[in-house]
Amino acid sequence: MATLKAVRGTRDLLPPETALWNRIEATARAVFARYNFGEIRTPVFEDTSLFSRSVGEETDIVSKEMYTWEDRSRAQSEKSQSLTLRPENTAGVVRAYIEHKLGETGQLQKLYYIGPQFRRERPQKGRYRQFSQIGAEVIGPPSAGSESPLRDAEVLEMLATLLDELGITGWTLELNSVGSAADRARYNETLRQALIPVAPTMCEDCQRRAVTNPLRVLDCKVPEDQPIIDTLPKIADSLDDASRAHFAAVTAALDTAGVPYTRNHRLVRGLDYYTRTTFEFTHGGLGAQNALLGGGRYDGLSEAIGGPKAPGIGFAMGEDRLVLTLQALEAAKPEKGDAYIAPLGESVNPAALALARELRRAGLTVELGDGSFRLKKSFDAADKTARRIVIMGEDELASGILTVKDFSTGTQTKVSRAELSSALKAPSGR
RNA sequence: GCGGCUAUAGUUCAGAGGCAGAACGCCUGACUGUGGCUCAGGAUGUCGUGGGUUCGAUCCCCACUAGCCGCCCCA
């Protein structure tokens with residue numbers, strides 16, 4: 001029998017990579033806190049209809065990528081219920097907003113989440129069947145200012161700050177507006193008509209898309225098709241006055257705040273609930289899956305799933321992709337501990353544990369060796385895990401003066417036990 | 001869901017129809033309490049899984065599974 005493995009598209013995260021995940025999450029939490037966001041945790045599975053009604057019945061996510069099952073009924077009279085592992089988290093947050101009547105507070109709700117999402121896609125680099133998203137939503141009644149373009153600009157500015165603080169250099173913010181639901185329906189038809197004469201000269205994929213989903217033609221990457229795509233009507237020309245003004249206000253705020261972006265007339269996102277502002281932050285180091293994060297405004301989502309009018313804007317970052325990007329940038333260097341304690345002889349082991357306890361309680365990261373190791377072996381192990389080695393033999397035990405060697409300089413000093421923790425806290429190296 | 005490439009030691013990868021290899025890493029010693037360099041020695045594998053061809057398959061054939069790349073789509 002074959003040995004059991006993590007199922008396709010899922011994986012184990014091990015040290016030291018998990019340290020990078022923790023750093024990313026800690027940075028995100030710290031940035032969100034400065035913008036006064038609070039954390040929300042919603043269930044990893046929900047009623048299936050939540051997703052079909054929000055994300056959209058016809059989207060790829062809902063039509064073929066969800067992990068869905070009929071939950072068994074317990075009693076004869078009880079109906080079974082269709083449940084689904086969440087493929088994204090915005091729908092769950094909005095459901096919770098409605099369920100807990102958060103709109104009744106009259107306040108803008110600013111909520112962030114970090115957690116696993118599930119989509120049954122073919123795995124490849126940067127795309128997994130269980131993946132983690134870090135996202136946030138700003139949602140509330142219109143009277144709280146939830147429709148204001150300033151909210152859009154503030155979210156985008158926050159994302160630029162977060163990526164900078166994570167150490168991700170070289171990102172690009174691509175921005176567009178898909179207008180209201182009516183604007184988009186109008187544009188879809190305009191595009192369909194415009195494609196009739198030119199589609200036969202385009203690639204096979206585009207010929208198909210021209211019929212099934214004209215918006216996707218805009219995503220085509222075939223070089224020969226680009227001049228044709230450039231001549232197609234732009235969604236900007238199908239926007240009504242209000243959507244046009246909203247977008248202008250978003251870009252004006254970004255310009256004034258100094259957040260760089262590029263207008264991408266072709267940015268059309270795949271989830272049905274998006275209205276007006278849509279955006280992606282992309283990075284070149286990711287291969288075909290180049291989107292670090294995506295998001296947009298969803299002014300009609302709450303009403304679509306039976307809630308009050310609650311316009312909002314949000315985003316989801318692919319945490320797996322942040323990790324890949326940071327690894328590619330080599331911004332991920334393993335941290336060494338503060339000290340490695342090398343007892344000489346097993347009789348010194350108890351005293352070494354006592355010393356380790358003392359140092360760890362003082363806040364130091366300490367690796368504890370073993371008295372049965374030869375000193376050479378201790379040095380080998382110490383150099384891999386710590387900045388300094390503390391040698392503790394019978395001599396040191398008797399005198400209370402410990403031998404400390406700094407690996408980055410090679411210098412060796414004698415330090416009294418009382419001064420040890422402060423000596424180890426001092427920066428090593430030259 | 002479709003197409004291409006791949007699967008051999010802890011890791012990265014060679015390999016030939018007939019005893020399973022290298023480098024790095026690991027262990028031991030040269031060197032009773034001073035590592036990194038050097039030298040000598042050593043351990044480690046169901047050769048992804050299942051079937052077929054063959055006297056003999058890790059190698060050839062088929063299927064399956066998984067990974068990578070692309071398509072689709074998306075984070």
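In what follows, every heavy atom counts, from backbone to side chain, and hydrogens, waters and symmetry copies are set aside. Letters A, B, ... are given to chains in the order of the sequence lines, protein chains preceding strands, and every chain is numbered from 1.
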Separation of B/C73 atom P from A/Leu267 atom CG, nearest Å, is 14 Å

Spacing of the P atoms in B/G50 and B/G33 (rounded, Å):
48 Å

- [ ] Apply the test salt bridge (Lys or Arg N to Asp or Glu O under 4.0 Å) to residues A/Arg266 and A/Asp230: give CA-CA distance (whole Å), side-chain angles for both, the deciding distance (0.1 Å), then the verdict.
- [x] CA-CA 9 Å; A/Arg266 301 184 184 180; A/Asp230 287 339; 2.9 Å; yes

Phosphate contact (B/U28 OP1 or OP2) by A/Arg374 side-chain N/O below 4.0 Å
no

Walking RNA chain B from its 5' end, the first of A/Gly393 and A/Asp60 to be reached, judged by nearest nucleotide, is A/Gly393

Closest of B/G36, B/C73, B/A75 to the A/Lys376 side chain is B/G36

Worksheet item: Is the closest side-chain donor-acceptor distance between A/Asp406 and A/Thr411 under 3.5 Å?
Response: no

The nucleotide from B/U34, B/G33, B/A75 with an atom nearest the side chain of A/Glu121 is B/A75

Please classify the nucleic acid contact of A/Arg11 as base, sugar-phosphate, or nothing, using heavy-atom distances under 4.0 Å. nothing

| message | Taking only the C1' atom of each, what is the distance from B/A9 to B/G4 in whole angstrom? | response | 29 Å

On a whole-Å scale, what distance lies between the P atoms belonging to B/U49 and B/A30?
-> 41 Å

*asked:* Looking at B/C73, I'd like to know if its phosphate oxygens (OP1 or OP2) sit under 4.0 Å from a side-chain N or O belonging to A/Arg122.
replied: no

Worksheet item: Which part of the nucleic acid, if any, lies within reach of A/Glu396 when heavy atoms closer than 4.0 Å are counted: base, sugar-phosphate only, or nothing?
Response: base

Practice problem: Run the ring-centre check on A/Tyr298 versus A/Tyr274 and record whether the distance is less than 6.0 Å. | Solution: no

Per the glycosidic torsion and the 90° limit around 0, nucleotide B/C19 is syn

Under 3.5 Å, is there any donor-acceptor pair linking the side chain of A/Gln412 to the base of B/G33? no

So what does A/Thr59 touch, heavy atoms closer than 4.0 Å: a base, only the sugar-phosphate, or nothing?
nothing

For A/Asp395, which contact category applies under a 4.0 Å heavy-atom criterion: base, sugar-phosphate, or nothing?
-> base

Answer with base, sugar-phosphate or nothing: what part of the nucleic acid does A/Leu293 contact at a heavy-atom distance below 4.0 Å?
-> sugar-phosphate

* Side-chain N or O of A/Lys125 less than 4.0 angstrom from OP1 or OP2 on B/C74? -> no

Next on the checklist: Counting only side-chain nitrogens and oxygens, does A/Gln124 get under 4.0 Å of the OP1 or OP2 atom of B/G67?
Outcome noted: no

Out of B/G33, B/A75, B/G36, minimum distance to the side chain of A/Ala316 belongs to B/A75

Rounded distance in Å between the P positions of B/A63 and B/A22 = 35 Å

A/Ile341 CD1 to B/G35 C1', in whole Å, measures 18 Å

Taking a pair to mean Watson-Crick or G-U wobble geometry with both distances below 3.5 Å, B/A66 pairs with B/U6

What nucleic acid atoms does A/Glu319 come within less than 4.0 Å of, heavy atoms only: base, sugar-phosphate, or nothing? nothing

With distance as the sole criterion, do the side chain of A/Arg127 and the base of B/C68 form a donor-acceptor contact below 3.5 Å? no

- [ ] Tell me what A/Gly126 touches on the nucleic acid: a base, only sugar-phosphate, or nothing, going by heavy atoms under 4.0 Å.
- [x] base

Of A/Arg8 and A/Phe131, the one whose nearest nucleotide on RNA chain B sits closer to the 5' end is A/Arg8

- Query: With sugar-phosphate meaning primed atoms plus P, OP1 and OP2, does A/Arg119 contact a base, only sugar-phosphate, or nothing at under 4.0 Å between heavy atoms?
  - Reply: base

Practice item. Have a look at A/Glu394 and say if it touches a base, only the backbone sugar-phosphate, or nothing, with a 4.0 Å heavy-atom cut-off. Key: base

Checking N1-N3 plus N6-O4 or O6-N4 for Watson-Crick, or N1-O2 and O6-N3 for wobble, each under 3.5 Å, the partner of B/G41 is B/C27

Counting any heavy atom closer than 4.0 Å, what does A/Leu292 reach on the DNA or RNA strands: base, sugar-phosphate only, or nothing?
sugar-phosphate

To the nearest angstrom, the CD-C1' distance between A/Gln133 and B/C74 comes to 9 Å

Next on the checklist: For A/Asn89 and A/Gln133: C-alpha separation, side-chain torsions, deciding distance, then whether side-chain hydrogen bond (donor to acceptor under 3.5 Å, both in side chains) applies.
Outcome noted: CA-CA 8 Å; A/Asn89 217 331; A/Gln133 287 188 335; over 6 Å; no

When rounded to whole Å, the CZ to P distance for the pair A/Arg266 and B/C73 reads 15 Å

Regarding the side chain of A/Leu271, the nearest nucleotide among B/C27, B/G35, B/C74 is B/C74

Closest to the side chain of A/Lys384, out of B/U28, B/C26, B/U34, is B/C26

| query | At under 4.0 Å between heavy atoms, what does A/Gly371 touch on the DNA or RNA strands: base, sugar-phosphate, or nothing? | reply | nothing

Considering only the P atoms, how many Å lie between B/U65 and B/G25, rounded to the nearest integer? 39 Å

- Compare the ring of A/Phe407 with the six-membered ring in the base of B/G35 and state whether they stack (centres under 5.5 Å, planes under 30°). no

Touch check for A/Arg321, heavy atoms < 4.0 angstrom, all strands: base, sugar-phosphate only, or nothing? base

Give one of base, sugar-phosphate or nothing for A/Phe315, where a contact means two heavy atoms less than 4.0 Å apart. nothing

